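So that the names make sense, note that chain A is the first sequence line, chain B the second, and so on, each numbered from 1. Computed from a prediction, not measured in an experiment: that's the story for all the values here. Below, each value reflects all heavy atoms present in this structure, side chains not excepted, and no hydrogens, waters or symmetry copies.
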Protein chains: 2
Amino acid sequence: MFESEPESAADPEDADPTTAKPRLERQRILKAGADFIEQFGVRQLTMRRLGTELGVEAMSLYRYVPSRESLLDGIVETVIDQLYEDPEVYVEPRHGWQDYLLRLAHGLRRLALAHPQVFPLIATRPAEAPWVRPPLRSLRWVESFLKALTSTGFSEKAAVDAYRAFSSFLIGHLLLEVAAMGADVGPVEEAEPHPPKEADLGGYPLLQRLQKLLSEDHSAQEFEESLENLLDRLENLAG
Amino acid sequence: MFESEPESAADPEDADPTTAKPRLERQRILKAGADFIEQFGVRQLTMRRLGTELGVEAMSLYRYVPSRESLLDGIVETVIDQLYEDPEVYVEPRHGWQDYLLRLAHGLRRLALAHPQVFPLIATRPAEAPWVRPPLRSLRWVESFLKALTSTGFSEKAAVDAYRAFSSFLIGHLLLEVAAMGADVGPVEEAEPHPPKEADLGGYPLLQRLQKLLSEDHSAQEFEESLENLLDRLENLAG
DNA sequence: GGATCTTGCTTACGACGTAAGCAAAGCATG
DNA sequence: CATGCTTTGCTTACGTCGTAAGCAAGATCC
């Protein structure tokens, strides 16, 4: 995992971040935090534990992060910033707004599925400004979104409406999808891997009969269909 | 507010609940917890504080609640159980499935707006069974939903699809709506009432220009329109 | 009179987040 | 070289948390 001490270096451009610890920078902490959450859940992330994870005392982290809360904020931020590194997602529309939105939606879904434990934080943590909604949590992405639409035929009002519709669609779908994966913004879950947690279906005959149907996973396909439906609806706004 | 719990004995009829403490029952604790969260946020809710709120030591609560986590679960449960007391919402369809869904959706929205601080918990806490989605968190409601649809022309598969679409629609809309109200599943926020938190819009010209448009609140109307659109879509599933 | 329950209090333990100060190591200057 | 400043991480310490364990006072029933 770690251990190996080529310390010194100092080179701020980190050519290869996987080799050894390059002196505990903010990015390294946030990355480790994200990984930790993905592995053990938010509840398990404490300053002390993250410290030992990085081979360092808890208090050392405070040089780079003012508090646990802002650590979480930072983690959320770095995770959604990965959208910029997704080669499938364009910050500017290249083949029309539909293509732009499709790529953006798929990129966000990929992000959510890659970070099922972090995603609920993305969804519920307060944003930079009240009208910046999850999961597009940053001003930059909102700007990108609005620009993409207004530059391809949407009126400003239509673009804003589209932004709202898009946000709530994505948040709803992705949150439920990662929740179904066993996301765990809440209880501890300790060492138990996952007891099937069979509920008592006595008295719920329909549930009993439809249980199989209900537990089938069509998320990907549902996502696709609903997304297309959304785009169709937006087409009417475009004008 | 409500009584009708013949618990064990000892006269559960409480003449005047506001004057003195009527012996600390589970329901009383959960109600107090919900109120507390609504007033100060989840983060502020500790066993000790809830204890003193009820005029009791923290450890006394453990007679009725096995842990803080399950306290939160209980609070979530009692809040969504209020749906049953909403006279506008029917457990069985009386005027067709559209009417049923409209009433259900509006009832849930009322609930969310009445408990903006608790609602994110409703949205993110793990449910009884993996396929029971928020915000219809209980087996009873899922059963009711499925029965309403299958008894009014939906095939079983269509009813399940409708259930999923309905869930993700509601969760998306309501979560964003309460988040916009300043819901706070996360940071502490302490005593500060709400600093405007003006973000720096330098470099985001579109955001600057559309800020007013973006911060306008059309939630109610948006909700109505999207809900109707959803119902239209479901009509195609009905057959 | 016991017994046995029920209820709430008391004490205590091992986390936790984090304030405050300290030690060592890197650096620039004389 | 010594000097001092800055950066980094460690140490210690405080108050708060969730909660295990045991206790005391009443209620209930024999």
Q. Of the candidate nucleotides D:dG9, C:dT18, D:dT19, which contains the atom at the shortest distance from the side chain of B:R68?
A. D:dT19

Q: Any chance you could list the contact pattern along nucleotides 11-16 of chain D? Use B for base contacts, S for sugar-phosphate-only contacts and - for none, protein heavy atoms under 4.0 Å, 5' to 3'.
A: BB----

Q.
Could you tell me how far apart B:I29 (CD1) and C:dG8 (C1') are, to the nearest whole angstrom?
A. 11 Å

**Q.** Salt-bridge contact B:R137-B:E77 (side-chain N to carboxylate O under 4.0 Å)
**A.** no

Q | Set of residues satisfying side chain to side chain donor-acceptor pair (under 3.5 Å) with respect to B:S168, sequence neighbours excluded | A | none

**Q.** Atom-pair distance (CD on A:E69; P on C:dG17), nearest Å
**A.** 10 Å

Q | Partner residues of B:E222 under the side chain to side chain donor-acceptor pair (under 3.5 Å) criterion, sequence neighbours left out | A | A:R164

Q. Do A:Q44 and A:F36 come close enough that some side-chain heavy atom pair is under 4.5 Å?
A. yes

Q | Backbone of B:L206 reached by a side-chain donor or acceptor of A:E143 within 3.5 Å | A | yes

Q. A:R43 has an atom CZ; how far is it from atom C1' of D:dC17, in whole Å?
A. 12 Å

Q) Who are the side chain to side chain donor-acceptor pair (under 3.5 Å) partners of A:R140, not counting sequence neighbours? A) A:Y84

Check nucleotides 23-26 of chain D against the protein and report each pair of N or O atoms closer than 3.5 Å, with its distance, or say if there are none.
none

Q.
For D:dC10 and A:Y62 - does any side-chain N or O of the residue sit under 4.0 Å from the phosphate oxygens OP1/OP2?
A. no

Q. Tell me, do B:R133 and B:Y163 make a side-chain contact under 4.5 Å, heavy atoms counted?
A. yes

Q: Sort and list the pairs that fulfil side chain to side chain donor-acceptor pair (under 3.5 Å) and have at least one residue in residues 105-116 of chain A, not counting sequence neighbours.
A: A:Q82-A:H115, A:D86-A:R110, A:H106-A:E224, A:R109-A:E177

